[in-house]
Amino acid sequence: MVAEEPTKSTKLGMKPTVSMNESRRSADGSAVELGLKVGAALAVLTAIEYLIPKVIDRAILPLFIVAAVKGWLVLDYFMHFRRNLGLMNREDTPAAEDVAVRSG
Amino acid sequence: MSSEVVSVGAETITPRALVGESSDREAAHSRVAVARTGLWLFIASEACLFAAFIAARFVRAGVSTPEELDQGLGLAITSILLASSLSAYLAESFAGAGDYRRAQAFIWATVGLGCIFLGGVALEFSEGLEHFPPVTAYGTAFFSLVSLHAFHVGTGILALVGASNLVRLNKMEELGAFRVEAVVKYWHFVDLAWIAIFPTLYLVS
């Protein structure tokens with residue numbers, strides 16, 4: 001294995017660009033897995049939502065409870081709502097983090 | 001001022017250059033932070049607009065739903081829109097990981113699913129005009145709410161095409177990455193709005 005040449009950023013005590021990008025790529029698999037799990041949960045909840053009025057009469061409340069759960073899944077996992085709310089001034093979403101890594 | 005320099009290979013970097021780079025980065029970060037706050041405020045205002053239309057459905061038409069309404073088609077287009085949200089999420093994840101080829105592929109998959117959704121809505125409209133025209137209470141609610149949503153899907157598709165262009169041209173620096181994030185968030189919001197519209201128009205009875 002060839003030893004990695006120290007980069008400008010590592011010599012200056014900054015975060016090493018290459019290794020951070022590599023770690024981002026390895027973390028990518030878990031992001032995909034999470035997305036697929038949330039997608040599956042949304043599919044199951046939609047099926048339940050569709051069946052509710054066929055089983056229960058005047059099922060307004062159960063319908064909107066299921067819709068609220070689906071909405072929360074999208075808001076929190078896909079839109080990163082909680083993360084954005086708590087860290088509004090930090091570059092914490094995947095695309096923006098990558099820019100921070102490359103510009104660092 | 002200190003004249004200290006740092007040598008890196010053939011390059012010589014002065015502290016002034018480092019400070020300049022750092023302040024540029026901070027400025028870019030604060031621009032993104034402001035833009036992100038604005039994005040969430042925009043999404044909140046759009047959510048209020050949809051909430052008003054949903055409330056109007058219950059005020060004007062109560063909880064009655066025409067029997068002729070095709071719930072199966074409603075379920076199908078809902079599933080398509082949820083799948084598009086997943087593909088938009090994957091596009092953002094791959095863009096974040098620097099895999100722009102896959103990111104672009106998933107953006108175009110999202111565009112395709114959005115177009116299929118609009119096709120389903122057009123089909124629903126043609127059936128709706130026959131069975132519950134806009135002059136009826138339910139028809140008013142249905143056509144106004146679905147049209148408003150379809151308009152957002154259309155603008156979302158245009159924005160996704162723009163985001164795909166940014167990824168293709170590798171303009172993923174400073175605000176470029178945020179623009180992709182903003183477009184994807186907007187698309188998720190469109191999905192979120194439909195999550196509320198689907199039971200409101202199709203399932204409540």
Side-chain angles (χ1 to χ4, degrees), chain A residues 5-9 11-12 14 21 24-28 31-32 34-36 38-40 42-43 45-47 49-50 52-54 57-60 63-64 66-68 70-71 73-75 77-81 84-85 87-91 93-104, chain B residues 6-9 11 13 18 21 24-25 28-30 32-34 36-37 39-40 43 63 65 71-72 74-75 78-79 82-83 85-86 88-90 92-99 103 172-181 184-185 188-189 191-192 195-196 198-200 202-205:
Chain A
E5 190 73 19
T7 61
K8 178 170 75 179
S9 55
K11 278 190 177 177
L12 293 170
M14 293 176 179
N21 270 340
R24 292 296 313 283
R25 286 203 173 84
S26 66
D28 190 49
V32 171
L34 177 71
L36 292 174
V38 174
L42 288 170
L45 286 169
T46 305
E49 192 178 34
Y50 183 71
I52 284 175
K54 298 190 187 309
D57 281 340
R58 298 180 178 277
I60 296 175
L63 279 175
F64 281 98
V66 174
K70 285 168 67 182
L73 286 174
V74 172
L75 199 61
Y77 288 99
F78 286 173
M79 296 175 82
H80 317 293
F81 177 68
N84 280 192
L85 192 71
L87 305 163
M88 199 67 92
N89 59 346
R90 281 180 53 182
E91 316 316 314
T93 57
E97 264 182 19
D98 191 50
V99 173
V101 168
R102 277 186 276 115
S103 63
Chain B
V6 181
S7 294
V8 181
E11 281 186 68
I13 297 169
L18 284 174
E21 191 179 314
D24 283 353
R25 195 179 158 193
H29 281 201
S30 64
V32 169
V34 169
R36 186 174 289 138
T37 308
L39 175 68
W40 279 108
I43 286 173
V63 291
T65 303
Q71 286 189 328
L75 177 67
T78 301
S79 306
L82 287 173
S85 217
L86 175 61
Y89 168 81
L90 293 175
E92 190 188 14
S93 294
F94 283 118
D99 189 343
M172 293 293 285
E173 289 160 7
E174 291 189 12
L175 283 174
F178 173 73
R179 286 185 184 121
V180 173
E181 177 197 332
V184 169
K185 273 198 171 68
H188 290 316
F189 166 72
D191 185 33
L192 202 58
I195 284 174
F198 177 54
T200 300
Y202 289 84
L203 302 178
V204 165
S205 60

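Note on naming: letters A, B, ... go to the chains in the order of the sequence lines (proteins, then strands), and numbering restarts at 1 for each one.
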Which bit of B/T78 comes within less than 4.5 Å of chain A, counting heavy atoms only: side chain, backbone, both or neither?
side chain

Using a cut-off of under 4.5 Å for heavy-atom pairs, which of B/D191, B/L192, B/V184, B/I43 has the most such pairs with chain A?
B/L192

Mind running side chain to side chain contact (heavy atoms under 4.5 Å, CB included) on A/H80 and B/Y89 for me, showing each step along the way?
CA-CA 10 Å; A/H80 317 293; B/Y89 168 81; 4.2 Å; yes

If you tally heavy-atom pairs under 4.5 Å against chain B, which of A/V74, A/L34, A/V66 wins?
A/V74

Under 4.5 Å heavy-atom distance to chain A, tell me which part of B/L75 shows up: side chain, backbone, both or neither.
side chain

Which heavy atom of B/R36 sits nearest a heavy atom of A/N84, and at what distance?
CD-OD1, 3.5 Å

Test of understanding: with side-chain contact (heavy atoms from CB on, under 4.5 Å), list the residues that count as partners of A/I60, not counting sequence neighbours.
A/F64, B/V63, B/V204

For A/Y50, does the OH atom sit with more than 12 other heavy atoms under 6.0 Å from it, leaving out its own atoms?
yes

dist A/E49:CD -> B/I195:CD1 (nearest 0.5 Å) comes out at 8.0 Å

Name the member of A/L75, A/L63, A/L36 that forms the most heavy-atom pairs with chain B at distances under 4.5 Å.
A/L63

Heavy-atom distances under 4.5 Å only: say whether A/I52 touches chain B with side chain, backbone, both or neither.
neither

Those residues at least two apart in sequence (or on a different chain) that pass ring pair (Phe, Tyr, Trp, His ring centres under 6.0 Å) with A/F81 are B/W40

Contact part of B/Y202 toward chain A, heavy-atom cut-off under 4.5 Å: side chain, backbone, both or neither?
neither

